[in-house]
2 protein chains.
Amino acid sequence: MEQNVIDASGLLAISTRLQRLSDQIRKDGLLIYKAFGIDFQPKWFPVLYTLYKKSTMSVVSLSDEIGYAHPSTISLLKELEKEKLIRSKKDKVDTRKRLVELTEKGITLLSTMEPVWDVIIKATAEITNTQNNLMKAINEVEAALKEKSFLQRAELYIKK
Amino acid sequence: MEQNVIDASGLLAISTRLQRLSDQIRKDGLLIYKAFGIDFQPKWFPVLYTLYKKSTMSVVSLSDEIGYAHPSTISLLKELEKEKLIRSKKDKVDTRKRLVELTEKGITLLSTMEPVWDVIIKATAEITNTQNNLMKAINEVEAALKEKSFLQRAELYIKK
DNA sequence: GCAATATATGTAGTTAACTACATATATTTG
DNA sequence: CAAATATATGTAGTTAACTACATATATTGC
């Protein structure tokens, strides 16, 4: 197998390679939704799917849940509000909070997406279910990083 | 292990999770270089490392090598030229081409980075060498995608 | 050997995340 | 219970990749 310099650099370029793979999958994801005639952007997935599963959430708890900084979530919510897929209301107990939920249109969209998800899950399973399973690898790495960060581990080698 | 909705959605959010992991590693990468007192941004890595290994390349061949669109490479090159880490000259045979190479300063910087790379490689190995090896998983998935894209695979399921 | 096509580079504008800062409301503490 | 601190949301600006388009030079084919 011929290899380019970056792939050959292996662990050094791991961040680059993760991003490259992410982009590639995201672009094809958009095309799959299009093939189903569904007006949906992959970047909406984390917010909408979480609201689909958890119904009502505040901006920060939603951000924590999907692992985004809150301004990223706010800008997605703005866009989704314009699309009338979500709506928000004030929390009566804690008035700082804005509670976000799917609209009827949002719920309808998400339910029409279930067959698409089925296809995506199957195609992704096909791709990732190699000798080293990518999903499992991600889970394992994230667990390892939670225990001790990349930087902390590197620091131990620096001191030696 | 408690899980959030996105992680639980598994294969559906794979692109999101790859990106999240990439960001996390990149940020720590920057801090590691800082800890060594080296003025280096992780985003420079693909270009500089490739030039370190291959000496002289044109803009497009460099872009292909690192897997970036050529305008991305051009803007990195502009930045690196300002830092005096690379320089360019016209190809005498094919005058459309701009040949790029490391300067002395670039070569020096890269060679001072070898001990840092050593640390990064060790820390990364520690993190990725779990039951399912992340690097191997990426390699396997990229190979699978090269053979048949995510979209093409999904299309087969749509037709059924 | 010229017209059509392909390739190489460059510019402009977009995108989808981020950080830093600002403000309002809740909660905690002396 | 008021001051200090913490939390929730929002805005502005940045970043690091992208696509679309433009131009110049090479190559190919009639």
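Computation of the quantities below employed the complete heavy-atom set of this structure, encompassing side-chain atoms and omitting hydrogens, waters and symmetry-equivalent molecules. Residue numbers begin at 1 in each chain, while the letters A, B, ... track the order of the sequences. Quick caveat: nothing in here was measured; it's all calculated off a predicted structure.
Partners of B/K136 according to the side chain to side chain contact (heavy atoms under 4.5 Å, CB included) rule, which considers only residues two or more places apart in sequence or in another chain, are A/N132, B/N133, B/E140. Applying the side chain to side chain contact (heavy atoms under 4.5 Å, CB included) test to A/E114 and every residue at least two apart in sequence or in another chain returns A/Y52, A/W117. Under the salt bridge (charged side-chain N to carboxylate O under 4.0 Å, His left out) criterion, A/K43 pairs with A/E79, sequence neighbours left out. Qualifying salt bridge (charged side-chain N to carboxylate O under 4.0 Å, His left out) partners for A/E126, counting only residues two or more places apart in sequence or in other chains: B/R153. Taking the ring-ring contact (aromatic ring centres under 6.0 Å, His included) definition, one finds that A/Y68 meets it with nothing, sequence neighbours left out.
The distance between atom CG of B/D94 and atom P of D/dA26, rounded to the nearest whole Å, is 5 Å.
Across the strands present, C/dG13 finds its partner in D/dC18; the criterion is a Watson-Crick or G-U wobble pair with both atom distances under 3.5 angstrom.
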Does the protein touch nucleotides 9-21 of chain D at the base, only the backbone, or not at all? Give it as B, S and - per nucleotide, heavy atoms under 4.0 Å. BBB----SSBBB-
